[in-house]
Amino acid sequence: MEDTKAAIIKLKMYKQKQEVIEMKESQLVLLESARIKTSKLSDESGGTRKDIYEQLEDMLVKKEELRLEIIKLRLEQAAVDTALKLMDGKGKLMEEAKEVIKLRHMEDKSLMEIEIDLDMSESTVKRRLKKGEKEFTRLLKLA
């Protein structure tokens with residue numbers, strides 16, 4: 001039961017992770033184009049200031065952190081993609097189950113909306129949802 005909840009959460013977070021990846025990639029692009037100004041630095045400048053090398057080091061650390069975060073998020077998405085792909089080719093029932101779990105958990109549709117979209121009865125949608133969640137959970141453990 002606990003595994004199923006974790007798998008469903010991964011499905012629900014799939015689209016949000018894509019948005020986070022895009023934001024982090026845009027931050028990385030900005031950091032790549034950032035320049036450290038050296039023209040105003042002099043020994044006569046008052047107050048505390050970071051050394052140019054410290055600024056550069058901070059920028060490099062931030063870039064590496066962003067790259068690692070992006071890789072981690074992409075790996076999590078790849079696991080979901082792989083589990084969903086492994087559900088293909090297992091017959092009509094499994095393809096319907098896959099579609100139901102995608103609509104329910106990734107598109108956040110209600111059971112009634114899924115019934116209408118897929119032209120299925122309420123009980124069929126519930127059975128496919130349960131079957132899809134169970135198979136997705138099993139496959140996600142393998143991915």
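Position 1 is the first residue of the sequence; numbering continues from there.
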Residue pairs involving residues 134-143 (criterion salt bridge (Lys or Arg N to Asp or Glu O under 4.0 Å); sequence neighbours excluded): Asp3-Lys141, Lys90-Glu135, Glu135-Arg138
Where Leu31 and Lys63 come nearest, the two heavy atoms and their spacing: O-CE, 3.5 Å
Side-chain (Gln77) to main-chain (Tyr14) donor-acceptor, under 3.5 angstrom: yes
side-chain contact (heavy atoms from CB on, under 4.5 Å) partner of Glu115, the single match among Met120, Lys126, Glu122: Glu122
Test log, rule side chain to side chain contact (heavy atoms under 4.5 Å, CB included), inputs Ile8 and Glu133: CA-CA 7 Å; Ile8 290 170; Glu133 288 173 349; 3.5 Å; yes
Minimum heavy-atom distance between Thr137 and Ala7, given as atom pair plus value: OG1-CB, 3.5 Å
Interatomic distance, Glu19 atom CD to Met13 atom CE [nearest 0.5 angstrom]: 10.0 Å
Co-membership, hydrophobic cluster, residues Leu28 and Met23, 4.5 Å side-chain: yes
Nearest-0.5 Å distance, CD1 of residue Ile71 to CD1 of residue Ile21: 11.0 Å
4.5 Å side-chain heavy-atom contact, Arg128 and Thr124: yes
For the student: nearest non-hydrogen atoms of Leu84 and Lys102, plus distance: CD2-CG, 4.2 Å
Glu107 side chain near Lys15 side chain, heavy-atom distance below 4.5 Å: yes
Pairwise distance CD(Glu32) to CE(Met59) - rounded to 0.5 angstrom: 9.5 Å
pair Met94-Lys98: side-chain heavy atoms closer than 4.5 Å: no
In one Ile/Leu/Val/Met/Phe/Trp/Tyr side-chain cluster, 4.5 Å: Val100, Leu139: yes
Any Ile114 side-chain heavy atom under 4.5 Å of Leu129 side chain: no
